[in-house]
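A note on names: the letters A, B, ... follow the listed sequences, proteins ahead of strands, and every chain is numbered from 1.
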Number of protein chains: 2
Amino acid sequence: MQMDERKKKILRALIQDYISSAEPIGSRTIARKFDLGVSPATIRNEMSDLEELGLIEQPHTSAGRIPSDAGYRYYVDFLMEPPALRDDDKMLIERETTHRIHEIQEVITQTSKLLSQLTSLTSVVLGPQKGKGTFSRMHFLPYQPGQAIMVVVKENGAVENHIVEIGQDVAAEELQTIADVLNRKMHGYTLNEVKRTLLHEIYSELTRQRSLLDSALELLEPILNDQDQEQEHVYLGGALNMLNQPEFRDLEKVKTLFKAFEEDGRLKKLLSMDREGLTVTIGGENKLAEFKDCSVISATFRVGGEVVGAVGILGPTRMDYSKAMAIVDYTTRMLNRLLRTSKRTPL
Amino acid sequence: MQMDERKKKILRALIQDYISSAEPIGSRTIARKFDLGVSPATIRNEMSDLEELGLIEQPHTSAGRIPSDAGYRYYVDFLMEPPALRDDDKMLIERETTHRIHEIQEVITQTSKLLSQLTSLTSVVLGPQKGKGTFSRMHFLPYQPGQAIMVVVKENGAVENHIVEIGQDVAAEELQTIADVLNRKMHGYTLNEVKRTLLHEIYSELTRQRSLLDSALELLEPILNDQDQEQEHVYLGGALNMLNQPEFRDLEKVKTLFKAFEEDGRLKKLLSMDREGLTVTIGGENKLAEFKDCSVISATFRVGGEVVGAVGILGPTRMDYSKAMAIVDYTTRMLNRLLRTSKRTPL
DNA sequence: TGTTAGCACTCTCAGTCGATGAGTGCTAAC
DNA sequence: GTTAGCACTCATCGACTGAGAGTGCTAACA
């Protein structure tokens, strides 16, 4: 069976209506609302075909039809009018992404808020992985007796503080010596690389200056084993918007959904970081069972050519794909520009 | 009308039963479950009195009674067995609060998680206000051209980074001079005080070294106007636990509750920071309408004698007050000890 | 051969009705 | 002061019903 023009028209009409009404829609309604020039009976026949093709389905015998995941997929790929942004949305995005920025955290939370606000859906934003940035240099500053502030600067501009324990008797010059050694050795490597391969090299270098050894390696401990290092935080915006979606009128569904929201790992999996550009994941195409009734529109963003994060919009499969795609697309474009132009934003 | 011994017994029985069952409870049930040595009819008469006293109420004519806010209040103040901790809970709290800690943030999130886990309710933790800590000193470190890292150390041990813009031509020594002036002037004052009263003094001091003036005041801008400064973040733990409470089976209630959760300001108001020690706020005693069906058990904690934060447990008015109070009480005790003993924890 | 009208059938939804059961308040007896 | 008895109230639940929406099938039509 082939998809002829009329079938396409009917499928498009059905999906568009369902997206806004969230109600199953029957042949009669389509005939009334959309001027296809044929009678309900004909539409019935066509709908029967569409169902056989797996593009629509019936919740129960005497209800109208609703789109299946495959139906949405067909719609997104072939039927939908191309994503276009409303002017006021466009302006809003531009206004929000042209601020002068001090911290990337700020950008991320801001973006997250913006996306959920524009779409009335939930937004998911994944920022740069802390451990990933390559090491540039470190400084030591005095702190309490027996402790020092270690300031670590990454090549991507990130700055971190760590309080480290030092012996009571370690002098400032000694710390400086250690810093010099570490800076020389570690420059240009990521902390993960340091952890895996470089440690013994540093070790042997420092062995020559016997007395410094003990402290030096202990100093590195907090930055190498920092919990935050590995798992980047995922920002969620407008989670409550989900409660307004009729598909989540059921408390059990809300529970499982919110449960999944609490686990950063789950959310991270929603954002397909491997694929560049705009990605649409519809319902069951997603691996996670908790989100089988949801679709995700996501895109990655870059700093200096390298993919460092992703933004996404999460909604019920019944969502306005065109609008969501337009918004995600434009937002990442602006984000890329913002991160490129702002002179070396501290990450 | 007076509260005689039998009325107390009945009220206690009713509340205890209601706390675990969440169902209105009638005279017959009380007579059966609790051995008071009187018939349901007698209990009925007493219950009628209790209702007149405003301690219990009837959801509808032919249902049993449930405690009113005033009833819970009476229960907490006079009837409840004194808060006692189960041994395993005690051990769990001790285990979690004797870790060596590096960051107070960590302690806060950890505590929040612990509390919600122990009670199966929602926990609210309010950490130290960043802006409050008195200024100790600052350092400058090199960063990108035209920018520097300003490291600010507070007297309570907090360390913060800020990237500041400096003229391309400002030399390290000049920065040092500025730092020296600022350190001398600002030491011992909170940033808020600096902002309000000290700025013009610093201004006139620096005016004498004309060339430095422009930069110096700009440098302070980020720390004085930092958004985070004023509003300390509120940590919420186990918000989902609320969904398991039968009183929140209604989606509308969930919506308003979670809406309130999203606003830090609202949550902050729940924790009575003005009162020291263990505080119990029952239902409508709370000012916020969103939480009129909730009770809060809260307590403040201190660092060095000064109240810096608060922890609280939020649950439906129908909650196990004894247990919750015991847990909050013990947790804050341990927290105080932890923060006192760990030698100058960085905040 | 494709389209349409007609029709019987299915299924959900909202509303009604009555039975059930828990609980109360009142009265009168103990 | 306490209790048994009783009439009354009210929410809940299941069964039933009619309305409405929608379908699939058949037969007629262009």
Side-chain angles (χ1 to χ4, degrees), chain A residues 1-11 13-15 17-18 20-68 71 246-247 249-250, chain B residues 1-11 13-15 17-18 20-68 71 246-247 249-250:
Chain A
M1 200 183 321
Q2 279 297 331
M3 282 295 283
D4 56 34
E5 208 45 48
R6 194 169 64 191
K7 282 193 179 52
K8 289 185 187 175
K9 262 191 194 154
I10 291 176
L11 181 58
L14 188 144
I15 293 186
D17 193 82
Y18 184 66
S20 61
S21 74
E23 299 285 323
I25 174 170
S27 53
R28 212 184 134 80
T29 319
I30 291 187
R32 211 177 341 107
K33 283 200 189 176
F34 300 84
D35 190 23
L36 300 179
V38 289
S39 78
T42 310
I43 296 178
R44 269 207 290 287
N45 289 330
E46 297 285 37
M47 282 168 85
S48 181
D49 290 353
L50 287 171
E51 183 161 13
E52 207 170 320
L53 286 167
L55 298 175
I56 59 179
E57 48 198 27
Q58 251 178 320
H60 54 260
T61 320
S62 80
R65 306 297 217 291
I66 60 173
S68 67
E247 21 275 281
R249 239 175 298 169
D250 175 20
Chain B
M1 201 182 323
Q2 280 297 331
M3 283 294 284
D4 56 34
E5 208 44 50
R6 193 167 65 192
K7 281 193 179 55
K8 289 185 188 175
K9 262 191 194 152
I10 292 177
L11 181 58
L14 189 145
I15 293 185
D17 193 84
Y18 185 65
S20 59
S21 74
E23 298 285 324
I25 174 171
S27 53
R28 213 185 133 81
T29 320
I30 292 188
R32 213 180 335 108
K33 282 201 188 175
F34 300 84
D35 190 22
L36 300 179
V38 289
S39 77
T42 310
I43 296 178
R44 269 206 291 286
N45 289 330
E46 297 284 39
M47 282 168 85
S48 181
D49 290 352
L50 287 171
E51 183 161 13
E52 207 171 319
L53 286 167
L55 298 175
I56 59 179
E57 49 198 26
Q58 250 177 321
H60 55 259
T61 321
S62 80
R65 306 299 217 290
I66 60 173
S68 67
E247 21 275 280
R249 239 174 298 168
D250 175 21

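Both distances falling under 3.5 Å, in either a Watson-Crick or a G-U wobble arrangement, place C:dC30 opposite D:dG1. In this entry D:dA11 has C:dT20 as its Watson-Crick or G-U wobble partner, both defining distances falling under 3.5 Å. In this structure, C:dT4 and D:dA27 make a Watson-Crick or G-U wobble pair, each of the two defining distances being under 3.5 angstrom. Applying the Watson-Crick and G-U wobble criteria (two distances, each under 3.5 Å), C:dT10 pairs with D:dA21.
For the segment residues 29-54 of chain A, the set of residues with a heavy atom within less than 4.0 Å of an atom of DNA chain D comprises A:Thr29, A:Arg44, A:Met47, in numerical order. A heavy atom closer than 4.0 Å to some atom of DNA chain D occurs in A:Gln58, A:Thr61, A:Ser62, A:Ala63, A:Gly64, A:Arg65, these being the qualifying members of residues 55-66 of chain A.
Checking side-chain atoms of B:Ser68 against main-chain N and O of B:Glu57 turns up no donor-acceptor pair under 3.5 Å.
Counting only heavy atoms from C-beta outward, the side chains of A:Ile30 and A:Asp17 never approach each other to under 4.5 Å. At least one side-chain heavy atom of B:Leu14 sits under 4.5 Å from a side-chain heavy atom of B:Met47. In this structure, the side chains of A:Arg6 and A:Thr42 come closer than 4.5 Å at one or more pairs of heavy atoms. Side-chain atoms of A:Met3 and A:Leu55, non-hydrogen and from C-beta on, do get closer than 4.5 Å to each other.
Between B:Glu51 and the choices B:Lys7, B:Arg44, B:Arg65, the salt bridge (charged side-chain N to carboxylate O under 4.0 Å, His left out) rule is met once, by B:Arg65.
By the neighbour-count criterion of 12 heavy atoms within 6.0 Å, atom NZ of A:Lys9 is sparsely surrounded, having that number or fewer from other residues, nucleotides or ligands. Atom CG of A:Asp4 has more than 12 heavy atoms from other residues, nucleotides or ligands within 6.0 Å.
From B:Ile25, atom CD1 reaches atom OH of B:Tyr18 across 11.0 Å, with rounding to the nearest 0.5 Å. Distance CD1/A:Ile43 to CZ/A:Phe34: 10.0 Å, rounded to 0.5 Å.
Bracketed by its first and final contacts, the part of DNA chain C lying under 4.0 Å from non-hydrogen atoms of chain A reaches from C:dT3 to C:dT12 in 5' to 3' order.
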